[in-house]
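Because only heavy atoms are used, hydrogens play no part in the values below, and waters and symmetry mates are left out as well, while side chains stay in. Quick caveat, the model's predicted, so the values are computed rather than measured. Labels below follow one simple rule: chain letters A, B, ... track the order of the sequence lines, proteins then strands, and each chain is numbered from 1.
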Amino acid sequence: MAHDSIQLPCGGDGACMRCKVTPPTEETLTCSICAAPWHVGCLASKPETLASTLQWHCPDCSGDPLLPPSVATDGSSSELFVAIKAIEADESLTEKEKARKRQELVSGRVEEDGGNGKGESSVLDVLDESLNCSFCMQLPDRPVTTPCGHNFCLKCFQKWIGQGKRTCAKCRSTVPPKMASQPRINSTLVSVIRMAKLSKSNAAAGPLKVFHFIHNQDRPDKAFTTERAQKSGKANAASGKIFVTVPPDHFGPITAENDPDRNQGVLVGECWEDRLECRQWGAHLPHVAGIAGQSNYGAQSVALSGGYDDDEDHGEWFLYTGSGGRDLSGNKRTNKEQSFDQKFEKMNEALRVSCKKGYPVRVLLFLLMCRSHKEKRSSYAPEKGVRYDGVYRIEKCWRKVGIQGFKVCRYLFVRCDNEPAPWTSDEHGDRPRPLPAISELKKATDIFERKESPSWDFDEEGSRWKWKKAPPPSKKPANVADLEEGKRTRKAIRHSRKLSTRERLLKEFGCLICQQVMSLPVTTPCAHNFCKSCFEAAFTGKTAIRERNKGGRTLRSQKNILNCPSCPTDISDFLQDLQVNRELMDVIESLKQKSEENEEPAEEEPMNGLEESTDLGSSDEKTGKKTENVDPKDDLENALPNSEEERTSKRRKVDTAQVGDDDL
DNA sequence: CTTTTCCTGTGT
DNA sequence: ACACAGGAAAAG
């Protein structure tokens, strides 16, 4: 992207990046498109009139404005200019309303909540002050964080990148290629924003809808029949107790009635370490196969890897490729080579039945255990493990010629869950939405669309998705609860929460290392948040450059791989130039201040698991490890520093470090 | 019953 | 990057 001038805007600290001076407000000019502040004195050409000042767009935006999706690439960008100018010129609107209208224009979506500024200083306002996406001026939707510490909506960011921009819209730092191509959603921000919204809409916000990893202890040794399986623990032993009481051919969400263990069901956003633990919660039973189903009955769930060549993930809808077509004779489970056409049979037919009937299909999203991170990955995929994303309907399916030249079955999944998706800060679940236009349909064959009315559909009256027709009768025995295991029942402790919204929000801002509310937060490109000091401490003594010795010879020094403390992503580049997420820091500071003002002594509720301890209660007798509400024995197990989970993650870290990987 | 198939997961 | 164990459910 060739900039025709070297003009620069004001950086995150408000200082002009060109003259390094913080200009007074009257010398600051705000771009009407990207809302970045610029120093008038350092601009080659400044607007002449008041009117043109209001409509001014910065050198970065003037060449190539953001396009609303409706006019995607047909070149009618001037429409947007006209519309934005009209909004800016409308004296009857407040700045906030103008911002919202701009947002609607650019994002193509309409906010339902009329942004009623009722004067009450809500936590939402605190977030609003610091966190707004500088494109749309709203709290970021599907927030992504640049390595330079600025937060945007995923879609705004992608539009910006789509125009060939490779600099941060706020500070003009270079956006690394990986961030540009695979921005990660910052799930801490997602939960915080959603929580703040919920606290405003209904003061008595229900159970905390933030999820953490679930770990299972009930993995009987008898599962590991062979010596090797016993040694490796997980590689092949799809066993362990199934905790929920649904039959294996159960369709739709798993509800509290079928969860005697926790009495809460499988919630959207829950994560498991791997496919086997996911299986234990009944969300997706096959431990290898991607599709759970029966060809004459329907498919109950699919596992979607966030990094498949053909798959396309847009969050609320995605395209899925069927199974089969590969020669797996012998022991070749890994054969990626397709050698014949896929047909609508077996599992692919099961999916087609679910499409025909309009059944809800559970969707599990995960990343393959890939140790080189060269593959493309979906922005929506979890950083590690398997995540339950809710139920989707298959609206149509077809066949097309796949990348490898053989035909593959394709499915259009559209989300239809009553709970919001893990990546959105919306407070509510899905509403019926128009089907996206699928370009590959033009070349598709065997197109199949549902004719009959769907079994699972939106009920306008109740404003919820529900079974409009009776769900198909189960043909398999339900997994019955093991009565003698009753002692393990957890007391479903979730209502014992008297923390204020502010305190709950602060809790969410816990550093993934020290578990305390972050000071000087940094956000990695893989969207994990830490205190700057904890983060740096995690890498003391490790350098980014490493000598590579092989057989006595010294090879050229090679870039070392430094992994994120929370996931296997290599973040050595990020470490080179560590930037504090100032926007996040401002939010934390404001929340802390106001919490102190309100001096309501925080009730010392010993957090019964699920939550990290924070510095709020300043009690640190917990290990800080995420534990579940389990019996004391399990608790002890979890508190042991050398738990299975930790050992595996360490092992993995070593593994990745050995892989020479020079990305891009 | 046996055979086939599955977007694992780990060790080298 | 490569090899591969040997589970579970569908399908025959």
Side-chain angles (χ1 to χ4, degrees), chain A residues 219-220 222-240 242 247-249 272-280 284-311 313 318-340 342-343 345-351 353 363-372 374-378 381 384-386 402 408-409 411 475-477 479 568 644-645 647-656 658-661:
Chain A
R219 192 178 290 284
K222 72 172 173 59
F224 314 119
T225 51
T226 66
E227 200 177 308
R228 174 165 179 175
Q230 271 171 14
K231 206 168 127 207
S232 55
K234 280 179 176 169
N236 228 333
S239 174
I242 307 285
D249 52 359
W272 299 276
E273 188 77 14
D274 51 41
R275 290 279 297 266
L276 282 71
E277 295 195 333
C278 162
R279 169 189 157 78
Q280 290 191 269
H284 186 70
L285 287 169
H287 73 295
V288 176
I291 306 167
Q294 304 76 36
S295 58
N296 56 353
Y297 186 66
Q300 292 85 26
S301 55
V302 296
L304 174 70
S305 165
Y308 257 64
D309 285 347
D310 264 8
D311 289 348
D313 192 356
F318 63 87
L319 297 179
Y320 189 77
T321 306
S323 62
R326 297 178 299 159
D327 177 21
L328 298 172
S329 56
N331 188 19
K332 298 194 287 280
R333 286 195 288 205
T334 40
N335 192 351
K336 297 266 183 250
E337 297 297 306
Q338 203 178 341
S339 47
F340 49 94
Q342 289 182 2
K343 290 186 195 142
E345 56 183 28
K346 299 177 186 172
M347 291 301 140
N348 295 344
E349 174 63 10
L351 282 175
V353 171
V363 169
L364 286 293
L365 192 56
F366 70 104
L367 280 179
L368 286 175
M369 279 286 146
C370 45
R371 285 178 230 174
S372 81
K374 290 178 181 173
E375 297 109 34
K376 83 162 192 192
R377 3 167 99 195
S378 157
K384 66 168 186 180
V386 188
V408 292
C409 299
Y411 302 86
K475 294 199 246 173
K476 300 185 180 193
N479 167 41
E644 159 92 54
E645 154 217 1
R647 271 182 287 121
T648 30
S649 74
K650 250 174 225 156
R651 210 166 35 226
R652 201 169 296 141
K653 224 165 271 177
V654 171
D655 274 344
T656 20
Q658 288 169 344
V659 178
D661 180 327

Would you kindly give the [atom1]-to-[atom2] distance between [X] and [N], to the nearest whole Å?
X	N	atom1	atom2	value
A:Glu349	B:dT5	CD	P	18 Å
A:Leu276	B:dC7	CG	C1'	14 Å
A:Arg275	C:dA9	CZ	P	13 Å
A:His284	B:dC6	NE2	P	13 Å
A:Leu364	B:dC6	CG	C1'	15 Å
A:Leu285	C:dA9	CG	P	7 Å
A:Glu277	B:dG9	CD	P	10 Å
A:Asp313	B:dC7	CG	P	17 Å

Result of checking A:Gln300, A:Met347, A:Lys475 against A:Gln294 for side chain to side chain contact (heavy atoms under 4.5 Å, CB included) |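 Filter result, single survivor: A:Gln300.
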Taking all non-hydrogen atoms of both residues, which atom of [X] and which atom of [Y] are closest, and how far apart?
X	Y	value
A:Phe366	A:Ala303	CE2-CB, 3.6 Å
A:Asn348	A:Gly322	OD1-CA, 3.3 Å
A:Ala381	A:Leu365	CA-CD2, 3.6 Å

Carefully, step by step, assess A:Val363 and A:Tyr320 under the rule side-chain contact (heavy atoms from CB on, under 4.5 Å).
-> CA-CA 11 Å; A:Val363 169; A:Tyr320 189 77; over 6 Å; no
Look only at the side chain of [X] and the backbone of [Y], and say whether a donor-acceptor pair between them is shorter than 3.5 Å.
X	Y	result
A:Arg275	A:Ala289	yes
A:Gln342	A:Cys409	yes
A:Arg279	A:His284	no

Under 4.0 Å between any heavy atoms, over every strand shown, what does A:Tyr320 touch: base, sugar-phosphate, or nothing? Just pick one.
->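 The answer is base, as A:Tyr320 lies within the cut-off (heavy atoms under 4.0 Å) of a base atom.
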Would you please enumerate the stems DNA chain B participates in, each stem being three or more consecutive Watson-Crick or G-U wobble pairs with both distances under 3.5 Å?
->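 Runs of three or more consecutive pairs: B:1-6 with C:7-12, B:8-12 with C:1-5.
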Calculate, to the nearest 0.5 Å, the distance between atoms CG and OG belonging to A:Leu364 and A:Ser305 respectively.
->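 Rounded to the nearest 0.5 Å, the CG-OG separation comes to 12.0 Å.
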Which atoms of nucleotides 10-12 of chain C (N or O only) lie under 3.5 Å from a protein N or O atom, and what are those distances?
{"unit_1": "C:dA10", "atom_1": "OP1", "unit_2": "A:Gln294", "atom_2": "NE2", "d": "3.0"}
{"unit_1": "C:dA10", "atom_1": "OP1", "unit_2": "A:Lys476", "atom_2": "NZ", "d": "2.9"}
{"unit_1": "C:dA10", "atom_1": "OP2", "unit_2": "A:Lys476", "atom_2": "NZ", "d": "2.9"}
{"unit_1": "C:dA11", "atom_1": "OP1", "unit_2": "A:Ser295", "atom_2": "OG", "d": "3.4"}

